[in-house]
Undergrad: 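Quick one: the structure is below, questions incoming.
All ligand and atom numbering here is 1-based and tracks the order in the structure.
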Amino acid sequence: MSLWIYVDGKYVSKEEAKISVFNHGFLYGDGVFEGIRAYGGKVFKLEEHLKRLYNSAKSISLEIPLSREDLREKVLETLRKNKLKDAYIRLVVSRGEGDLGLDPRKCPHPQVIIIAHHIMMYSEELYEKGLEVIISSTRKNIPAALDPRIKSLNYLNNILAKIEANIQGASEAIMLNKDGYIAECTGDNIFIVKEGTLITPPIWVGALEGITHNVILKLAAKEGIPTKEEPFTISSLYNSEECFLTGTAAEIAPVTRIDKKIIGEGKVGKITRKLIKNFRQLTQIEGTSIY
Ligand code: PXG
C-alpha cells in the first residue's frame with residue numbers, strides 16, 4: 001500500500017511526492033518544520049506544535065497559505081488517509097519555488113508538505129541501558145545570527161554535531177552555546193538531576209523550546225520533584241546523578257555515559273524512570289482524536 005503525502009493541497013503517492021529543484025527550502029534551507037507524534041489514535045500536543053510552527057514562520061516572514069484550523073484538519077486527514085494510529089508526522093512549510101537567487105520575493109507560493117509515517121530513533125535496548133553521548137565541538141548558532149527558537153530547515157550546525165557523534169560511535173551530541181554552557185542536543189533538549197533536583201538549561205541559553213521539555217517540567221512538578229531552569233557547565237553535566245534527553249522523536253532517552261564518563265551509577269536513574277513512565281501514560285490518554 002502506498003504512503004499518501006500531502007503536497008500543496010493534493011495527496012500524492014510517496015513515489016510522486018517531489019519538489020522543484022528551485023524550491024528555496026532545498027536551495028537555501030528557507031522554511032520551517034515540525035515533528036509531531038500520534039499515539040493510539042490521538043495526536044499528542046497538536047496545538048502546541050501548530051503554535052510553534054506559525055511562530056517560527058512569522059519569525060522568518062513566511063506566510064503559511066492555510067489557516068491554523070485548516071492545517072490542523074489536513075494533519076488529521078493525512079493520518080486518516082494513511083490509516084495511521086501511531087505515527088510520526090513531519091509538517092514542512094518551505095518558501096516554495098523561486099529562482100536562483102535568495103530573494104524570498106521570488107517565491108510567491110510557500111509550499112506545505114505533510115508526511116505521516118513511522119519513526120524509531122533508538123532501539124528498546126538503548127532505552128533500557130541508557131545512551132552514550134558526546135559533547136560536540138560544534139557550538140549552537142548564536143541567537144543574534146539564527147535564533148534557536150525558530151524550528152527552521154537550517155539544521156547544518158546540528159548535523160555537524162551529529163557527524164561528530166557518529167565518528168565517535170555515540171548516539172547523540174550535546175551542544176554548547178558560544179559561552180560554553182550546555183544548550184541542548186542535535187534534536188533534543190537536555191535535563192540533569194543534581195541532589196534530587198531536575199535541572200534544564202533555560203531556553204535563552206540557546207535551545208529550542210521543546211514541547212516534550214515543557215511536558216517533562218510539568219510532570220516533574222506533579223510528582224513533587226523540584227525543578228530548576230538554570231545554565232550549567234560541562235563539569236556539572238559530568239557530575240550529575242542522572243541525565244536524559246527529551247524530544248518528540250526520541251521521547252525521554254536516558255543517558256548513562258558522556259564522553260566515556262559514567263553518569264551517576266551508570267544505569268537509568270530513578271527520577272528518569274518515573275518520568276518515562278508518566279510520560280508514556282500521558283501520551284496514551286491525552287491528544288487530539290484522529291478518528
Ligand atoms: N531541540 C532541537 C534542536 C530539536 O530539533 C527538540 C529540541 C525537541 O523539541 P520537541 O518539541 O520535539 O520536544 C527538537 C525537536 C527529526 C526530529 O526528524 C527532530 C525533532 C523532533 C522530531 C523529529 O530529527 N526535533
Undergrad: Does an N or O from Y155, backbone or side chain, lie closer than 3.5 Å to an N or O of ligand 1?
TA: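 Checking ligand 1 against Y155, an N or O pair does fall under 3.5 Å apart.
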Undergrad: What atoms of ligand 1 come within less than 4.0 Å of a heavy atom belonging to G210?
TA: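 Counting atoms of ligand 1 from 1, those under 4.0 Å from G210 are 9 (O), 10 (P), 11 (O), 13 (O).
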Undergrad: Would you mind checking which non-hydrogen protein atom is closest to atom 14 (C) of ligand 1, with the distance to 0.1 Å?
TA: G187 O, 3.2 Å
Undergrad: Distance to 0.1 Å, residue and atom name: give those for the protein heavy atom nearest to atom 2 (C) of ligand 1.
TA: E184 OE1, 3.4 Å
Undergrad: For ligand 1, is R90 a contact, meaning one of its heavy atoms is under 4.0 Å away?
TA: yes
Undergrad: Examine H213 against ligand 1 and note whether any of their N/O atoms are separated by less than 3.5 Å.
TA: no
Undergrad: For R52 and ligand 1, answer yes if some heavy atom of the residue is under 4.0 Å from a ligand atom, otherwise no.
TA: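 The answer is yes, since R52 has a heavy atom less than 4.0 Å from ligand 1.
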Undergrad: Tell me the protein heavy atom at minimum distance from atom 13 (O) of ligand 1, and give that distance in Å.
TA: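 Residue, atom and distance for the closest contact: T212 OG1, 2.5 Å.
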Undergrad: E286 and salt bridge (charged side-chain N to carboxylate O under 4.0 Å, His left out): which single residue from K45, K218, R37 fits?
TA: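 The single option meeting the salt bridge (charged side-chain N to carboxylate O under 4.0 Å, His left out) with E286 is K45.
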Undergrad: So does I134 get a backbone contact from the side chain of Q168, meaning a donor-acceptor N/O pair under 3.5 Å?
TA: no
Undergrad: For G247, counting its heavy atoms only, list the atoms of ligand 1 lying under 4.0 Å from any of them.
TA: 8 (C), 12 (O), 13 (O)
Undergrad: Would E172 and K162 satisfy salt bridge (Lys or Arg N to Asp or Glu O under 4.0 Å), going step by step from the backbone distance to the final call?
TA: CA-CA 6 Å; E172 247 298 351; K162 190 80 182 178; 3.7 Å; yes
Undergrad: Give me the residue, atom name and distance of the protein heavy atom closest to atom 12 (O) of ligand 1.
TA: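 Looking only at protein heavy atoms, the one closest to atom 12 (O) of ligand 1 is T248 OG1, 2.5 Å.
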Undergrad: Look at the side chain of Y28 and the backbone N and O of G101, then say whether any donor-acceptor pair between them is shorter than 3.5 Å.
TA: yes
Undergrad: For R72, which of E34, E47, E77 qualifies under salt bridge (charged side-chain N to carboxylate O under 4.0 Å, His left out)?
TA: E47
Undergrad: Assess K261 against Y238: is NZ or CZ under 6.0 Å from the centre of the six-membered ring, and within 45 degrees of the ring's axis?
TA: yes
Undergrad: Is the backbone N or O of H24 less than 3.5 Å from a side-chain atom of D30, with the two atoms forming a donor-acceptor pair by type?
TA: no
Undergrad: Counting both backbone and side chain atoms, is some N or O of G35 under 3.5 Å from an N or O of ligand 1?
TA: no
Undergrad: Please determine whether any non-hydrogen atom of K151 lies less than 4.0 Å from an atom of ligand 1.
TA: yes
Undergrad: Looking at A249, which atoms of ligand 1 are within less than 4.0 Å of one of its heavy atoms?
TA: 22 (C), 23 (C)
Undergrad: Please find out if less than 6.0 Å separates the ring center of F279 from that of F244.
TA: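 No, the ring centres sit 6.0 Å or more apart.
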Undergrad: Tell me if the centroids of the rings in F44 and H49 come within less than 6.0 Å of each other.
TA: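 No, they do not, as the ring centres are separated by 6.0 Å or more.
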Undergrad: For the pair E209 and R52, find out whether any cationic side-chain nitrogen is under 4.0 Å from an anionic carboxylate oxygen.
TA: no
Undergrad: Quick one: does T186 get a heavy atom under 4.0 Å from ligand 1?
TA: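 T186: in contact with ligand 1 (<4.0 Å).
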Undergrad: Within a distance under 4.0 Å of any heavy atom of N158, pick out the atoms of ligand 1 and give their elements.
TA: 3 (C)
Undergrad: Within the structure, does Y88 bring an N/O atom to less than 3.5 angstrom of an N/O atom in ligand 1?
TA: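 Yes; at least one N/O pair falls below 3.5 Å.
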